[in-house]
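Notes follow once the structure below has been shown.
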Protein chains: 2
Amino acid sequence: MAIKDEVTDKYSLRGRVYHKIRGDILEGRYKNNDELRELTIGEELGVSRTPVREAFRQLELEGLIRIVPNKGAYVTGITAKDVKDIYMIRSKLEGLAARWAVSHITEDQMSEMEENIYLTEFHASKGHLDQIATLDNRFHEILYEACGSKLLEHQLREYHEYVQRVRTKTLSDNKRSLASTGEHKLIMEAIKSGDENNAEKAANRHVENAYKNIVKNGLKEAYPDE
Amino acid sequence: MAIKDEVTDKYSLRGRVYHKIRGDILEGRYKNNDELRELTIGEELGVSRTPVREAFRQLELEGLIRIVPNKGAYVTGITAKDVKDIYMIRSKLEGLAARWAVSHITEDQMSEMEENIYLTEFHASKGHLDQIATLDNRFHEILYEACGSKLLEHQLREYHEYVQRVRTKTLSDNKRSLASTGEHKLIMEAIKSGDENNAEKAANRHVENAYKNIVKNGLKEAYPDE
DNA sequence: AGTGATATAATTGTATACAATAATACGATG
DNA sequence: CATCGTATTATTGTATACAATTATATCACT
């Protein structure tokens, strides 16, 4: 109730609970193996156990918590190893997305991609970190939308969200953000020129390089080991 | 109640409902856009709306149904295009799994993989379709377990389940099952000899070939177009 | 004091009750 | 006869009640 009165009805109560807990886990506000009690969470958000339970079931399926029957729900979170795996998987899948985008991208999407890179170059030269981060996210979003596969789009978006925390942290490295923009440009140009093989390879390398940079800037401090 | 009394308590009521509906969708027992009513499903399985709703939320997250707020739940199912996308994605991810298996596979897993191929060759020569299908599934399971990544393992298993229906259908082609076993052997040998690049390529090609065979044997009849 | 049994409390699992929303039926009006 | 508005019904969303299970505390006994 409390929530429902305050804001417009963008989500159901269950939706709010789900996004709240999910955010708290992905942003690292819970520690690994923290126990989540239905009643406690419900009271914090001013809702009953029902929507909390439904949110728990979704988070369980997503692998962000694990539910022990008749016992409780425990935070699983994301480890340093997970981040590594996600980047290696993303490398392959963003490659596929870039390859497929060659034959599926619309004119509007192509224009937005070019504009995105143009703008990013400008803000990178000025050191505008916030804008760079937003544009970087948007570049990948455009790629996902342009690949022509709802399935791949959904999967990539999910992985992208999972590592959001470490990404925003690492983009504040100015040298990396310049290199990153250059790599975006290579992907865009390959797609524009219709070169599927190069588009795929460029996307592969871009994600691999992003991961290398993350390791260099200290992944271990941001995520638990095991 | 009805269910709980009949069988041992392997799953909660919610678990049963989830697996039941999921199976019905994946096996094609629902048509696309079929509406699922909480009360109806609950009555069919002898449970109340609560566990049904929790199952619905999971299926929604998985993308197998879509829930329109205050309206209802509608089957999304899997289309011919989805099958294609899944095979292309699987090609890349099984490649990764094979590559990672090189440095993560245990002795037991290696032995089981060799034995699996030996047995498959035997049953293929005799035309034992059921055994071949079981062993084929198991081969991929071993690969997933051996890759050393819970995340990749989970994702591959999910995709594998999604296309289970079309797989069992297509393996009844005897020529394909022989070729498939040969491809398994190539993957196994590359892993055994420690050749990461070849392991990845062999797995890529194996999944691509499996898809080509599916197309040849009539994918359109098994799945809706859009 | 330590150990085990039993009672008590806390927590989850499921069913039901109530509220809100959307679909449908029906009748008034032009 | 068509159309709009209203009443009714059906369905989902949420809260609460009860059942089952697990954790905790208490106390007797050695």
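Throughout, protein chains are lettered first and strands after them, A, B, ... in sequence-line order, and every chain is numbered starting at 1.
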Whole-Å distance, Arg53(B) CZ to dG13(C) P, equals 17 Å
Separation between CD1 (Ile21(B)) and CZ (Phe56(B)), nearest 0.5 Å, reads 4.5 Å
Whole-Å distance, Leu45(B) CG to dA15(C) P, equals 11 Å
The ring-ring contact (aromatic ring centres under 6.0 Å, His included) partners of Tyr87(A) (sequence neighbours excluded) come to Tyr211(A)
>> Can you confirm whether the side chains of Asp108(A) and Ser111(A) place a donor and an acceptor under 3.5 Å from each other?
In response: no
Residues passing the side chain to side chain donor-acceptor pair (under 3.5 Å) test with Arg53(B), sequence neighbours excluded, are Glu54(A), Glu38(B)
Residues at least two apart in sequence or cross-chain that pass side-chain contact (heavy atoms from CB on, under 4.5 Å) with Lys71(B), listed by chain then number, are Val68(B), Tyr74(B)
Separation of dA15(D) atom C1' from Leu13(A) atom CG, nearest Å, is 10 Å
Among the nucleotides dA15(C), dT16(D), dG13(C), whichever has the atom closest to the side chain of Ser48(A) is dT16(D)
Taken in chain and number order and not counting sequence neighbours, the residues that satisfy ring-ring contact (aromatic ring centres under 6.0 Å, His included) with His154(B) are none
Assert: residue with more 5' nearest nucleotide on DNA chain D, out of Arg49(A) and Glu35(B), is Glu35(B)
Across all chains, not counting sequence neighbours, the side chain to side chain donor-acceptor pair (under 3.5 Å) partners of Thr106(B) are Gln109(B)
Atom OH of Tyr74(B) and atom P of dT11(D) are separated, to the nearest Å, by 11 Å
Sorted by chain and residue number, the salt bridge (Lys or Arg N to Asp or Glu O under 4.0 Å) partners of Glu43(A) (sequence neighbours excluded) come out as none
The complete set of side chain to side chain donor-acceptor pair (under 3.5 Å) pairs with one or both residues in residues 19-31 of chain B, sequence neighbours excluded, reads Tyr18(B)-Arg22(B), Lys20(B)-Asp24(B), Arg22(B)-Glu62(B), Arg22(B)-Glu161(B), Asp24(B)-Arg29(B)
Students should find that the end-to-end axis angle of the helix from dA1(C)-dT30(D) to dG30(C)-dC1(D), with five pairs defining each axis and rounding to 10 degrees, is 10°
For dT14(D), does OP1 or OP2 lie under 4.0 Å from any side-chain N or O of Thr50(A)?
no
Set out, line by line, the N/O atom pairs under 3.5 Å between protein and nucleotides 22-25 of chain D.
{"unit_1": "dA23(D)", "atom_1": "OP1", "unit_2": "Lys71(A)", "atom_2": "NZ", "d": "3.4"}

Taken to the nearest whole Å, CZ/Arg37(A) to P/dT11(C) is 5 Å
The ring-ring contact (aromatic ring centres under 6.0 Å, His included) partners of His104(A) (sequence neighbours excluded) come to none
Between CZ of Arg16(B) and P of dG13(C) the distance, given in whole Å, is 15 Å
Between CG of Leu39(B) and P of dT14(C) the distance, given in whole Å, is 17 Å
Residues at least two apart in sequence or cross-chain that pass ring-ring contact (aromatic ring centres under 6.0 Å, His included) with Phe139(B), listed by chain then number, are His184(B)
Between CD of Glu38(B) and P of dT14(C) the distance, given in whole Å, is 15 Å
Ordered by number, residues from residues 54-63 of chain B within less than 4.0 Å of DNA chain D (heavy atoms) are Arg57(B)
